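None of these values were measured; they are calculated from a predicted model.
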Amino acid sequence: MNTWRQRRPGPHRVGRAALVWAVAYAGFGLACVLSGTSPLHIGGDGTGLGPAWAVVGVGMTAALISATVVRYGMRPALRVLLLSACALTGVMAFSLLMDVITLMAGQGVDSWASSVNKALAAAGAVLLAATARSDRLTAVPTGTTAPKASAAPRSVQLAAWAGTLAFLPYAAMKTHWASGGTFAGVTGEEMLAVSERNGASGIFLTLESWGLDPTALLALLGVFLLWGLVRPWGQAFPRWTPFLRGRRVPRGLPLAPALLGAATLAPYGVVGIGYLALVTGGAVTMGRGDFPSEGDALLVAWIGITAFAVYGVALAVAARSYWLRTRPAA
């Protein structure tokens, strides 16, 4: 069997793409500074121009590193700097998926500048990581084949069960509201009015009027993705898929949303649980929002944040297992 090496896009090519992104990202930060807009939105308020200057700094630093890679090639020190910049941009992309879910649910985001910043940061994290690895060669044997479809180990499937069960209270709560019930002191009609006030789309409101909560449906879709990562039908289309049965599932099809979801939901949920623990212990206070009391708001927050935390961690575990099980074999 031949084992020739195929070269991936080298550091110059990928580095140029990272350089273009870095310049654009710094320009976005400068535009925020000049317009007085904050690219960070927390708790209903902006955070001043400090984050905008931080975006400028991250963009200029990444541009300098990328330009050095393009000019002199990859060096160990440059790889460390690239991965450090990748980590910074990854932090700045925090909660991007929550904005995506909000838009998919037909509601507006709190701040478009913040959402654009997260999207640009996520793109930068991918480009910087790719640049850090772009000088390496990957052996691609001519006779490689996709491994046989297989289920994940039992421990990974138990994690998938945990992620699934964690969403049940959340889905039940949202469905109960959508069907007109009362929970945490808020009726279904009041929750529908809140959604309408927050700019929910006509499709969102129509589904709610039918007793179908869109976020509960998205949770169901997330559970489907989770089980696709741990069961054989996530690697080869099963018999119940017309025209595709028996064909291999493109590896990136489930991995791309899984990695995005894990990178967003896991830290969002874990940090959220820490914050809720402080609120429960009386160390900090939390606004009651649209609920009659802080206790009602806290109850709903625990249900939602716990679901995101457990599901996010389970998704990360399942994605790693899928990655390892679907690697081409010689």
Side-chain angles (χ1 to χ4, degrees), residues 1-9 14 96-97 100-101 103-105 122-123 125-127 129-130 133-134 136-168 170-171 212 214-266 269 307-330:
M1 182 181 297
N2 296 326
T3 56
W4 57 278
R5 290 178 177 267
Q6 182 181 22
R7 188 177 295 273
R8 287 177 176 175
V14 182
L96 171 62
L97 186 60
V100 174
I101 292 174
L103 291 173
M104 290 178 66
V126 172
L127 286 172
R133 295 179 56 85
S134 60
R136 298 182 177 179
L137 298 176
T138 301
V140 184
T142 57
T144 55
T145 58
K148 183 179 179 181
S150 62
R154 181 178 176 81
S155 59
V156 178
Q157 295 197 48
L158 289 176
W161 274 112
T164 301
L165 296 176
F167 260 135
L168 290 181
Y170 176 82
L212 298 173
T215 56
L217 296 178
L218 289 174
L220 182 62
L221 185 61
V223 169
F224 178 81
L225 170 63
L226 180 60
W227 283 100
L229 293 168
V230 301
R231 298 303 301 168
W233 55 263
Q235 299 174 48
F237 289 104
R239 288 180 296 177
W240 45 264
T241 52
F243 311 111
L244 295 173
R245 63 183 63 180
R247 297 186 179 183
R248 300 294 303 185
V249 175
R251 197 168 179 232
L253 183 62
L255 277 177
L259 293 175
L260 175 61
T264 299
L265 293 180
F308 293 142
V310 177
Y311 175 81
V313 173
L315 195 61
V317 172
R320 180 181 181 276
S321 174
Y322 187 90
W323 179 283
L324 295 175
R325 293 179 0 255
T326 56
R327 288 183 300 183

Close side-chain approach of V249 and P254, heavy atoms under 4.5 Å: yes
Geometric class of the F308/Y170 ring pair [parallel <30°, tilted 30-60°, perpendicular >60°]: tilted
Shortest non-hydrogen contact from S321 toward V156: CB-CG1, 3.9 Å
Where P153 and R325 come nearest, the two heavy atoms and their spacing: CD-CD, 4.5 Å
Gap separating the CG atom of L255 from the OG1 atom of T326, nearest 0.5 angstrom: 5.5 Å
Donor-acceptor under 3.5 Å (R251 side chain, W323 main chain): yes
Partners meeting side-chain contact (heavy atoms from CB on, under 4.5 Å) with A149 (sequence neighbours left out): P232, Q235, A236, R248
Charged tip of R239 within 45° of W233 ring normal and under 6.0 Å: no
Y311 side chain reached by L165 side chain, heavy atoms, under 4.5 Å: no
L259 versus A319, closest heavy-atom pair with distance: CD2-CB, 4.2 Å
R247 side chain to F237 backbone, donor-acceptor under 3.5 Å: no
Shortest non-hydrogen contact between G252 and P257, atoms and distance: O-CD, 4.2 Å
Between side-chain atoms of residues 218-229 and protein atoms elsewhere (two or more places apart, or another chain), which donor-acceptor pairs fall under 3.5 Å?
from: W227; atom 1: NE1; to: T164; atom 2: OG1; distance (Å): 2.8

Heavy-atom closest pair, residues V310 and A162: CG1-O, 3.5 Å
